[in-house]
Amino acid sequence: MKTPPKMLSPKDCSYLADLLETLLTTAKKAEAYSQKIEDTQVSDFAAHYYETLKSQYSILIDELKGSVNE
């Protein structure tokens with residue numbers, strides 16, 4: 001598909017909701033692990049992973065909000 005569809009089907013919406021929920025849950029777990037892990041390298045990696053996931057989540061939410069306003 002070269003261009004995104006103008007409308008999302010209920011199945012598309014369900015898929016996106018599941019994806020966003022999984023992304024947010026994984027980000028929260030990474031943040032929690034980064035605070036509990038004693039190994040600095042692993043803790044830093046988990047913190048970076050959290051920031052990356054949080055950023056991707058925000059981008060997806062902003063894109064979805066933008067498509068609602070169009």
Side-chain angles (χ1 to χ4, degrees):
M1 180 183 307
K2 293 185 181 190
T3 58
K6 299 262 184 222
M7 290 180 51
L8 295 174
S9 70
K11 186 177 181 179
D12 293 333
C13 292
S14 178
Y15 173 76
L16 285 172
D18 287 346
L19 176 68
L20 289 169
E21 184 177 338
T22 300
L23 191 61
L24 188 59
T25 301
T26 305
K28 288 178 180 179
K29 285 183 179 182
E31 181 184 33
Y33 291 148
S34 73
Q35 295 171 359
K36 293 178 183 175
I37 296 172
E38 293 180 18
D39 184 329
T40 315
Q41 279 187 311
V42 177
S43 178
D44 289 347
F45 175 80
H48 176 72
Y49 189 64
Y50 163 73
E51 290 298 328
T52 302
L53 290 174
K54 189 174 79 168
S55 173
Q56 291 174 350
Y57 181 85
S58 295
I59 290 168
L60 285 170
I61 291 296
D62 290 344
E63 285 296 318
L64 290 172
K65 284 180 182 175
S67 66
V68 169
N69 294 332
E70 293 178 354

### Query
Out of curiosity, Leu20 CG to Thr25 OG1, how far, rounded to the nearest 0.5 Å?
10.5 Å
### Task
Let me see the working for Leu24 and Lys28 under side-chain contact (heavy atoms from CB on, under 4.5 Å), right down to the final yes or no.
CA-CA 6 Å; Leu24 188 59; Lys28 288 178 180 179; 3.9 Å; yes
### Query
Atom CD in Glu31, atom NZ in Lys36: separation rounded to 0.5 Å?
11.0 Å
### Query
Can you hop from Tyr49 to Leu23 via hydrophobic side chains spaced under 4.5 Å?
yes
### Task
State the CG-NE2 distance between Leu53 and His48, to the nearest 0.5 angstrom.
9.5 Å
#### Entry: Asp12 side, atom CG; Leu19 side, atom CG - distance, nearest 0.5 Å
12.0 Å
### Task
Indicate yes or no for a side-chain donor-acceptor contact from Ser43 to the backbone of Ser34 under 3.5 Å, with no hydrogens or angles considered.
yes
### Message
When you measure from the side chain of Thr26 to the backbone of Thr22, do you find a donor-acceptor pair of N or O atoms at a distance under 3.5 Å?
### Response
yes
### Query
Does Leu60 belong to the same Ile/Leu/Val/Met/Phe/Trp/Tyr cluster as Tyr57, with side-chain heavy atoms less than 4.5 Å apart forming each link?
yes
### Query
With distance as the sole test, does Ser55 use its side chain to make a donor-acceptor pair with the main-chain N or O of Glu51 at under 3.5 Å?
no
